[in-house]
Each structure stands twice: as C-alpha cells, then as structure tokens.
Amino acid sequence: MNISFEAPDKINGLMTITLEKDDYQGEVEKTLKDYRKRANVPGFRPGMTPMGLIKRQYGTAVKVDVVNKMLGEKLYEYVRENKIQMLGEPLPSDQQETLDFEGDAPLTFKFDIAVAPEFEAKLSGKDKIDYYNITVDDKLIDQQVEMYQQRAGHYEKVEAYDAEQRDMLKGDLREVDGTIEVADAVLMPQYMKVDDQKKLFDGCKLGDIITWNPRKAYPESDVEVSSLLKIQKEDVKDHEGDFTFQITEISRYVKAEINQELFDQTFGEGNVKDEKEFRQKISDIISQQFKADSDYKFLLDVRAHMEKKVGKLEFPEALLKRVMLNNNKDKGEKFVEDNFEKSIQELGWHLIKEQLVAAQEIKVEDDDLKNVAKEAARAQFAQYGMSNVPDEYLENYAQEMLKKRENVDGLVDRAVDLKLTAALKNVVKLNEKDITMEDFQKMLQEK
C-alpha cells in the first residue's frame, strides 16, 4: 500500500492511495469463506459449495466492499496521523482513472481534500473588547410584577361588557336565516379583525341580543369561524349570513393582588415575605437573564474582533462548493450559490473558535452538559410562567433531553460557548459599559 498527499497551495489537497493485491486479498478470502459457509446453492449441501463457484458469484462484489472499507480506514487514519485539518468529506478526484476490479493489477484512488487555511488566532490582555452591563430599573421590575399578576389572575362575573378589560362573553349563538345553533358559545370581541363588527358589542349587558356576522368579523380565518360555529372549515362558505348572540355570561379577567399568595405562587411558599423582597427577587432574576444576554453580545464582539484581527481567510471555494452540493443533492446548485458565502463565514468563525477553545484548554464534561440541559429546561418552564420548578423535575427533564441525539450537539455547542465566554472574559481587557435594556435591544437589532 502506498499513500501520498500533496497540497501545493496549502488548501487544495490531493490524496493518492494505491492498494496492491496483497493489501486486501486476505480479507477478501476470509469474507468469501464466510459466504461459502452460509451459501444455499441448489445441488450442494450447506457449506459444500465449490469455492470457485462462490468466487464467480460473489468475488468482485466482496472485493469492492473490502477495498472501500479499507480505503476509508486508511484515508482517515492518514489524515489523523498527519494532522491534516480536512474540511468536509473527501471527494473522488477529477483525476481518478477507471478501475478494473476484475483483475489483480494495483488499484489507485485519488481524492480531492479541502484543507483549512493556516492562520493563528490569539487573544491577550492587549485585546480590548466591549462588555455591556444591562441596568435593571424600576420600569423593568414593574413590567415583571405586572406579568406575574396577570399569570396568577382569575375571571370574575360582571354585568356589563368592557372592551378595554378584555372581557369574555358566553351566550347562545343562532343563525338568522339558517339552522345552526350553538349553546354556550364563547366570544372575545376585542380579537375580531373588523372594527364594525367589534363595535356592535360595545356596552352590551347580560341578556342583550347582538346581531352580527362571524364571516365578516373574521374575514381571513375560516378556521376560527368553523370552530365557533362547530362546523367543518369547508362548510363555512355556506353560512355567510348574520347570527344573533344572546349574552348569558360576562367574565372579566382580574389580575392577582400583590400579596403573600402571589409571592408563594411565584417563588414557592415562604421564600418571599413582602413586596420589597418580591421586587428584589425579580431584580435578581432579571440581572441573571441580562448576564446571559451580555455574555452573548460579548461573544459576538469577540467574533467580530477576531475576524478583523485574523483577516480574510483563503478557502478552496470550488472544492467546498462541490462538498456542499454533495451534502445537499436534493437542494441543487442554486441552494449552494445562495448559501455559500454565509457558510464560509460560519466556517471561518468555527476555525477561529477552535483555536480559542484549544488555547483555553476547554473541555466539556458530563456535568457541563447536564447543567446546560437544566438551564434549557428551566427556560422552557419559564415560558409558561413556571419560575419555581423543583430541581428534581429539571433533572428529569434534562436527562430526557440528553437521551435524544438531535439535542446533544446543540447542548455541546452551548456548553462550549459558555465556558469559552467565561474564560475569555478573564483573558482580554473588558471595556465595560452600562446600558439600558431598550438601547441594548436596539443595538442588537442594528447589528
């Protein structure tokens, strides 16, 4: 066996692998013997089929399989041992000659290999990076208090409808010139799409009968109309006339009071004793969330700083386009052309980040993955207003996430980013700046 690798321009590599008969014949013979033991050929007892017949039937196919397996093993072994930073998968070269698997002549394979450009990415205390400390003001705390009050609120029965209060109406719905009747239908007029229909309900009271048109109220939503009328979506077109709605109940959503019940419901029983502690707890949570946002922006700024410092990287673009097309055969060349530039930008940052991670000797352990999964679980629960989920539930949820392969890669990336961010904040010189949440969000949008 002979393997050679050349890359005159440092980024377009050509690997040549020549296999002699002696390299693969032993494995081919062993495989054919296994075939003979299992072969079920008419006229011969199991295991007694002549080897000549086995070779004629299966010899070439077995040889191809053995050679391909050996090629893959030796190619990646060579890449690993010679520390070639290969981008993507090797591709058959245009220089590849036709091979004869029937004979015993040496088999020569040629592969095009995209090689990462050589560069150095280093950070030190001489590098100055902005770090934004987002301030927590009373306005933000008030908004969060309001959110908790809304989540813990309840409906109360009232006598008259008030659109400003987002009241909910329940009543009997009847088609004026038809047969549809729906008892205890529920309406929230403030969500109707057409003002003329919405205003028909202004100031209504218990017992009032309102004549209105569902199709006009929701002109672009057959699903909403079909749900209200309890009919199939395709039947909505047959019921475009007026309906009456006799109000039997009006409910108003009332937000929770700021009291011990709200404190316990939000943060667990006895953990907060008064409004001052409640607001401080909220402030601490917001600050922690803001730290994650600040760290995210810091890593973005590290990326921009490093991309400028390293300069433009040269890639084997023609070869990488072939690799990208090979990985996206169903999407075609237009997809490659439309997404190639963005792909190259991400590849460049990936290579830079690899060097930064190696320099900081960052390794992701099982505990790191579990912690990232728990934080992801905590964030998902928080979306539903559950801010005080017991740790055992988070542990179980995290374990389920880690069982799914499609989740693990993303969690590993997140763990690397967290550890890299923490490390680099102690390496570079931080140019700390205080900023309001509004200005911070505006800055991100501008970017």
Side-chain angles (χ1 to χ4, degrees), residues 1-116 316 318-331 336 354 403-406 408-409 412:
M1 180 186 301
N2 182 55
I3 303 179
S4 65
F5 180 75
E6 54 188 48
D9 63 358
K10 303 284 185 73
I11 54 177
N12 286 283
L14 177 67
M15 182 175 289
T16 303
I17 302 178
T18 299
L19 298 178
E20 304 286 347
K21 181 179 179 180
D22 290 344
D23 295 322
Y24 56 79
Q25 191 60 30
E27 187 63 28
V28 170
E29 293 289 347
K30 178 184 174 185
T31 305
L32 287 173
K33 286 179 182 178
D34 289 340
Y35 268 58
R36 186 188 183 206
K37 291 177 184 177
R38 301 193 305 270
N40 188 6
V41 179
F44 299 95
R45 285 181 294 163
M48 300 303 292
T49 305
M51 181 56 80
L53 181 58
I54 294 293
K55 286 183 177 180
R56 283 197 298 275
Q57 286 188 335
Y58 305 108
T60 301
V62 167
K63 181 177 176 180
V64 170
D65 288 343
V66 168
V67 167
N68 282 335
K69 182 181 178 183
M70 185 174 293
L71 270 178
E73 291 173 351
K74 296 303 178 182
L75 187 153
Y76 284 101
E77 181 181 293
Y78 186 93
V79 166
R80 185 171 59 254
E81 290 179 352
N82 290 273
K83 295 181 171 59
I84 299 170
Q85 196 168 8
M86 181 170 63
L87 304 176
E89 299 293 317
L91 294 177
S93 174
D94 293 337
Q95 300 178 34
Q96 178 67 55
E97 297 176 355
T98 303
L99 297 169
D100 178 16
F101 281 92
E102 300 285 347
D104 294 331
L107 299 171
T108 298
F109 301 85
K110 294 180 182 292
F111 297 95
D112 290 328
I113 292 179
V115 182
L319 181 49
L320 285 178
K321 284 182 179 180
R322 284 174 57 200
V323 171
M324 192 172 176
L325 181 60
N326 189 60
N327 292 334
N328 297 276
K329 293 176 181 176
D330 56 325
K331 297 177 181 176
V336 173
E354 273 189 340
K403 287 179 183 177
K404 298 178 181 177
R405 182 66 209 174
E406 62 268 25
V408 173
D409 289 344
V412 169

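The chain is numbered in sequence order, starting from 1. The shown structure was predicted, so the numbers you read here are calculated from the model rather than taken from an experiment.
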field: Short side-chain donor-acceptor distance under 3.5 Å, Glu354 and Gln85
entry: yes

Any idea which heavy atoms bring [X] and [Y] closest together, and the distance?
{"X": "Gly13", "Y": "Ala7", "value": "CA-CB, 3.9 Å"}
{"X": "Leu319", "Y": "Ala114", "value": "CD2-N, 3.3 Å"}
{"X": "Leu99", "Y": "Thr108", "value": "CD2-O, 3.4 Å"}
{"X": "Ser93", "Y": "Leu14", "value": "OG-CD1, 3.7 Å"}
{"X": "Pro90", "Y": "Leu75", "value": "CG-CD2, 3.9 Å"}
{"X": "Met70", "Y": "Tyr24", "value": "CE-CA, 3.9 Å"}

Output all residues satisfying salt bridge (Lys or Arg N to Asp or Glu O under 4.0 Å) with [X], sequence neighbours left out; order by chain, then residue number.
{"X": "Lys321", "value": "Glu337"}
{"X": "Arg322", "value": "Asp112"}
{"X": "Asp104", "value": "Lys21"}

Hey, does [Y] have a side-chain heavy atom less than 4.5 Å from the side chain of [X]?
{"X": "Ile17", "Y": "Leu19", "value": "yes"}
{"X": "Glu20", "Y": "Met1", "value": "no"}
{"X": "Ile84", "Y": "Phe5", "value": "yes"}
{"X": "Val66", "Y": "Thr31", "value": "yes"}

message: Is there a side chain to side chain contact (heavy atoms under 4.5 Å, CB included) between Leu320 and Leu87? Walk through the geometry before answering.
response: CA-CA 8 Å; Leu320 285 178; Leu87 304 176; 4.0 Å; yes

field: Rounded distance (nearest 0.5 Å) linking atom CD1 of Ile54 with atom NZ of Lys37
entry: 12.5 Å

- line: One should read off an interatomic distance between Asp100 CG and Thr60 OG1, to the nearest 0.5 angstrom, of 9.0 Å

- request: Please determine if Lys63 and Glu29 form a salt bridge, counting it only when a charged side-chain N lies under 4.0 Å from a carboxylate O.
  value: no

task: Take Met86 and Val115, measure what side chain to side chain contact (heavy atoms under 4.5 Å, CB included) needs, and give me the verdict at the end.
output: CA-CA 5 Å; Met86 181 170 63; Val115 182; over 6 Å; no

message: Can a donor-acceptor pair be found, under 3.5 Å and without considering hydrogens, that links the side chain of Asp9 to the backbone of Asn12?
response: yes

field: Residue pair Phe109, Thr16: steps toward the side chain to side chain contact (heavy atoms under 4.5 Å, CB included) verdict
entry: CA-CA 6 Å; Phe109 301 85; Thr16 303; over 6 Å; no

- prompt: Is there a side chain to side chain contact (heavy atoms under 4.5 Å, CB included) between Met15 and Lys110 once you walk through the steps?
  reply: CA-CA 6 Å; Met15 182 175 289; Lys110 294 180 182 292; over 6 Å; no

statement: For residues 68-83, the side-chain hydrogen bond (donor to acceptor under 3.5 Å, both in side chains) pairs (sequence neighbours left out) are Tyr76-Glu89

- line: Residues at least two apart in sequence or cross-chain that pass ring-ring contact (aromatic ring centres under 6.0 Å, His included) with Tyr58, listed by chain then number, are Tyr35

query: Considering residues at least two apart in sequence or located in another chain, which fulfil the side-chain hydrogen bond (donor to acceptor under 3.5 Å, both in side chains) criterion with Glu97?
result: none

